[in-house]
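Read the structure below first, then the notes.
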Amino acid sequence: MMMGLRSSSRSSVTCGARPSCWAMPTISSRPPGPAWRQGSRSTRMLPARLVTPIPGSEHLETRNRSEAKLSDHNMRIELRELGSHVGDEVVIEGWVQTVRAHAKVAFVVVRDGTGLVQAVMGRQDVDPATWEAATTVTQESTLVVTGTVRKEPRAPGGYEIGVSRFTVLAPGGEFPIQPKEHGVDFLLDHRHLWLRSTQQRAILRVRAEVEQAIHDYFYERGFVRIDTPILTGAIGESAGTLFETDYFGERAFLAQTGQLYVEAAAAAFRKVYCFGPTFRAEKSKTRRHLTEFWMLEPEVAFADSNDNMRLQEDLLTYLVQRALERCGEELTVLERDTTLLERVRPPFPRVSYTEAVARLQAAGSSIQWGEDLGAEDETKLAAYELPVFIYNYPREAKAFYMKENPDDPRTVLCNDLLAPEGYGEIIGGSQREDDLDKLLARIREEHLPEAAYNWYLDLRRYGTFPHSGFGLGLERTVAWITGRHHVRELIPFPRMLHRLTP
RNA sequence: UGGGGUGUAGCUCAAUGGCAGAGCGCCUGGCUGUUAACCAGGAAGUUGCAGGUUCGAGUCCUGCCGCCCCAGCCA
């Protein structure tokens, strides 16, 4: 959340797990596996067939349409529906994944974004121009292929298309990303092309599913989505961690949290959340940091810190279950061991900060009460199968807006949630200080600009109320669910230190 | 900002201080069902930049630059 306000070798990217076909260029150093075989999403969650007769299509160029004089039975389909078209002559559009051309038979594996299919032709079964086109086409060339669908156990995905027409809409050129490992830097420089690879597609599908699950979860529970501003005014010392921009001659900053705004909205709607991009100018260079990332921030009126933790574990359980239920193929492609994910159920273990320090000291750590937990400490504490809550930190280690713990004023009512398997902090939350005088005292103690927080203090002047909320880092959460090492792969176009393009 | 690595063909990497190479990709040819196909051949290099040591530097030394990992900061 917004703690910031307080004061404010190279390696090869395994884009995939194994050095393998470009379809899953991976950061090197992983054992080979069969992930590339899992190209097709098959028929899982296939809704009604999305069949569109070619004659109605607007985007195919005339020449292609005229070349494909289709009978009434010819249909343009998406590859995910392939299984329901066995025996049909269909038209597919997509990109070349691999080509295997022999003297008298050729195989072209086509990806259309919804699935994968092998197009096959015998030399004597097609005209010379078609044969020439299919045997000289290169990776990522754009195709329109007409042919008959049949079951074929030898084909990837179990089906293939016997080609009758094969049209190259555009050449693939010398596609930079090859069927092999690449370095991280190279892949990130080509992120716009890397997205097409099997593992990257799987990763981003899981991300999209989790995002949808977030909205579904809160919608079904009566939360109101509040979109908070991205451009914000000056708020003082914390500027070092904020991206500054010019706002008609005024200083403005890109938001690093929506929390203050959802606190205001909580008094209007009781249960609210915001979910959007957030910006941190910290010069962090670790696998857990991005300068632009997506954060979910629920805020609930009349919820105390315990209610807050219950919401967190219930939400996270829901998100993990959704990913397991609907992204099984993606997790398989990613070679994610899902045994631990399947056990994610409330309640999660709860360890107080004070207890955590005692445990760490007993284990030989030199940490002293009052110090914030380091990454190594967190990893030790997260040695559970479930995510673990660490709650009630010393107030000096946390943000000004966190509510003083009535049972131990040295601490505040807050929690971090540490994911297992070394993924670390994915949530930070707290009960908010709802007492005007105490909040004001904290703002002064931190030497924050009081005037900038005047409207925030109004929330305590006019019908103040107990409330709690938290911030969940989307990329960190999805990194854990998908088992990826670095958050940069969990966002389509990562923004990091010294990386602003593509 | 510290600490540790690393930089050689388009890409991934080799090369005791002694002729700069392989695989992939690309081009040419061969091969009825491939599975990252395979076989044969071809094109492809200012070894990150600037100095230095040496008969000789990709290799050793100094400085600079880029990137990666870890830490701090946090989601």
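Just so it is clear, the structure is predicted and the values come from calculations on it, not from any experiment. Residue numbers begin at 1 in each chain, while the letters A, B, ... track the order of the sequences.
- Looking at residues two or more places apart in sequence or on another chain, you find a side chain to side chain donor-acceptor pair (under 3.5 Å) between A/R310 and A/D307.
- Under the rule for a side chain to side chain contact (heavy atoms under 4.5 Å, CB included), the partners of A/P229 that lie at least two apart in sequence or sit in another chain are A/Y261.
- Under the side chain to side chain contact (heavy atoms under 4.5 Å, CB included) criterion, A/A266 pairs with A/V272, A/E299, A/F465, sequence neighbours left out.
- In this entry the distance linking CD of A/Q97 with C1' of B/rU34 reads 15 Å, nearest Å.
- With sequence neighbours excluded, no residue forms a side chain to side chain donor-acceptor pair (under 3.5 Å) with A/E371.
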Summarise protein proximity over nucleotides 21-33 of chain B in one line of letters, 5' to 3': B for base, S for sugar-phosphate only, - for none, counting protein heavy atoms closer than 4.0 Å.
--BBBS----BBB

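- For the pair A/L187 CG and B/rG10 P, the interatomic distance rounds to 17 Å; values are reported in whole Å.
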Encoded 5' to 3' (Watson-Crick or G-U under 3.5 Å; [ ] crossing; | other strand), RNA chain B becomes (((((((..((((....[..)))).(((((.......))))).....(((((..]....))))))))))))....

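- Nearest-nucleotide positions on RNA chain B for A/E475 and A/K283 put A/K283 closer to the 5' end.
- Closest non-hydrogen pair, A/L116 versus A/L82, comes out as O-CD2, 4.5 Å.
- Legend: residues meeting side chain to side chain contact (heavy atoms under 4.5 Å, CB included) with A/R288, ordered by chain and number and at least two apart, are A/T286, A/A375, A/R476.
- Spacing of C1' atoms, B/rU62 relative to B/rC69, comes out at 25 Å, to the nearest Å.
- Remark: P of B/rC73 and CG of A/L290 are 18 Å apart, rounded to the nearest angstrom.
- Using a 4.0 Å heavy-atom cutoff across all strands shown, A/H486 reaches sugar-phosphate atoms only and no base atom.
- Here A/L500 pairs with A/R495 under the side chain to side chain contact (heavy atoms under 4.5 Å, CB included) rule; sequence neighbours left out.
- For a distance-only test at 3.5 Å, the side chain of A/H289 qualifies as a donor-acceptor partner of the base of B/rC73.
- Taking A/D216 as the reference, A/Q212, A/R322 meet the side chain to side chain donor-acceptor pair (under 3.5 Å) condition, with sequence neighbours excluded.
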